[in-house]
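The structure appears right after this line, and notes come after that.
Because the structure is predicted, anything quoted here is derived from the model rather than measured. Just follow the structure's listing: the first ligand is 1, and inside any ligand the first atom is 1.
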Amino acid sequence: MKVLIVGSGGREHAIAVSVAKSPRVDKIYCAPGNAGIASIAECVPIAAMDFDALVAFAKEKCVDLTIVGMDDPLVGGIVDVFEAEGLRVFGPRQNAAIIEGSKAFSKELMKKYNIPTAGYETFDNADDAIKYLENAAMPIVLKADGLALGKGVLICNTLEEAKAGVKTIMLDKQFGNAGDQLVIEEFMTGREVSVLCFCDGTHIKPMTSAQDHKRALDGDKGLNTGGMGTFSPSPFYTKAVQEFCETHVYQATMDAMKAEGRPFVGILFVGLMLTKDGPKVLEYNARFGDPEAQVVLPRMTSDLVEAFEACIDGTLDQYDLQFEDNAAVCVVLASDGYPVSYGKGYAITGFEKFDAADGYYCFHAGTAFKDGQIVTNGGRVLGVTATGEDLKAARGNAYKATEWIEFENKYMRHDIGKAIDEA
Ligand code: AMP
Ligand code: GLY
């Protein structure tokens, strides 16, 4: 079959590598893709938001299945557009992708269906938000309602910071229309875990767990980023936590979306905080995490394309989801200055040392071709993933492999997976 993947990040590269393993697939296209994806797929220069051009391309090439990796096209309704044209597509429809597209929606859903999450209030004007903050306990969390590249969440330690945050989101519109509404949320503490789940609208199959490192600097300091590294599985996601979440979070969310007339078909990403009062939902995403996909998918041994098809066909209960009993760590190699400002166009070397057969993957994110060379083309440049028999071995392997890659302005965190020493 012919598959089209929509997106251009490390997550889409990881999806492409797993899709390529399926014996059912004989051709992969990626729009727009990147320099790494180009080694296993034919990249076509169509933007992920250009739905008309994507539909025309899928029809022209007789694509059998389109897989949407990114949040923007999903929230923008790409799945509805493809379905209306009779094209087979994997991802939630617009009325379900809202679970990521609006934090006000997702908080309301959790409240209505008793899914554990932090207490909150929603505001549509800055004056009311500031009035509320004057009597609120600090620290407190401000969240722009809409999509903001993972950067629309501000943790404020003082009233002054919180007031400034309201101004940034609602008045200065740093995150654009995403800041039309504001969610103000109780601050929680605990370990964070990400669980990605296959969903067919009725059934849900959670994958192995992962943990992201969202801050730019070592020791979880600095600004929030799209994610600087991950490990899988999380040793803090115990059997008891898993069992609780399967019933009270994952299946409860599936049932809630169905009851709302918004059945969720696709990947539901549940960001959890393991608090002393039990697991609570931090956020939902309507797609694979990036860089969570880069540690979860290399460990998956069952066929990814069959999983997508089972979700679309509503037969996920019959799909046998399997993971290897090992571990994986991904260290993101970024451009120094990310997530604020950074240079681009620097030549990258060292790819030839990576061999997936030995458990080493170099997933491309912001890369491009220039004059026959692969060069840096974004903030997060590469995701270096290594597997190992346990987390410590995987971490050692991943950091060893980060040294194989050279480019000017290379930056990474040195403490990805440090938390596993405390497990
Ligand atoms: P989100 O995009 O909603 O997951 O938020 C990004 C990050 O902000 C999370 O991964 C947490 O580290 C942090 N965060 C979000 N909500 C809260 C909260 N209620 N309490 C503490 N930290 C939070
Ligand atoms: N790594 C977090 C995300 O993909 O949103």
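Side-chain contact of S102 with D145: a donor-acceptor pair under 3.5 Å is present, judged by distance alone. Y120 and K143 share no side-chain donor-acceptor pair at under 3.5 Å. Donor-acceptor pairing under 3.5 Å is recorded for the side chains of T253 and Y284.
Close approach of ligand 1 to E185 (heavy-atom distance below 4.0 Å) involves ligand atoms 16 (N), 17 (C), 18 (C), 19 (N). Atoms of ligand 1 found under 4.0 Å from any heavy atom of M273 (numbered from 1 in listed order, with element): 21 (C), 22 (N). Less than 4.0 angstrom separates some heavy atom of L282 from each of these atoms of ligand 1: 3 (O), 14 (N), 15 (C), 16 (N), 17 (C), 18 (C), 23 (C). Residue-ligand proximity, F187 to ligand 1, at heavy-atom distances under 4.0 Å covers atoms 20 (N), 21 (C).
Under a 3.5 Å cut-off, the side chain of T230 and the backbone N or O of P291 do form a donor-acceptor pair.
Using cut-offs of 30° and 60° on the angle between ring planes, the pair Y132 and F123 is tilted.
For T189, no heavy-atom contact with ligand 1 is shorter than 4.0 Å. Here K103 has side-chain heavy atoms under 4.0 Å from ligand 1, and that is the only part of it that gets that close. Of the heavy atoms in N285, only side-chain atoms (C-beta onward) come closer than 4.0 Å to ligand 2.
A cation-pi contact, defined as under 6.0 Å to the ring centre and within 45° of the axis, links R191 to F236.
Of all protein heavy atoms, the one lying nearest to atom 13 (C) of ligand 1 is I155 CD1, 3.7 Å. The nearest protein atom to atom 3 (O) of ligand 1, hydrogens excluded, is given as K143 NZ, 3.0 Å; this is a heavy-atom distance.
Considering both main-chain and side-chain atoms, M188 comes within under 3.5 Å of ligand 1 through a nitrogen or oxygen pair. Where the criterion is an N or O separation shorter than 3.5 Å, residue side chain and backbone included, F269 fails it with respect to ligand 2.
Between Q211, E192, E283, it is E192 that holds the heavy atom closest to atom 9 (C) of ligand 1. Across the listed options E292, E283, R287, R287 owns the non-hydrogen atom lying nearest to atom 5 (O) of ligand 2. With L154, D220, V153, I140 as candidates, the residue nearest to atom 8 (O) of ligand 1 on a non-hydrogen basis is V153.
The closest approach between any non-hydrogen atom of G227 and ligand 2 is not below 4.0 Å.
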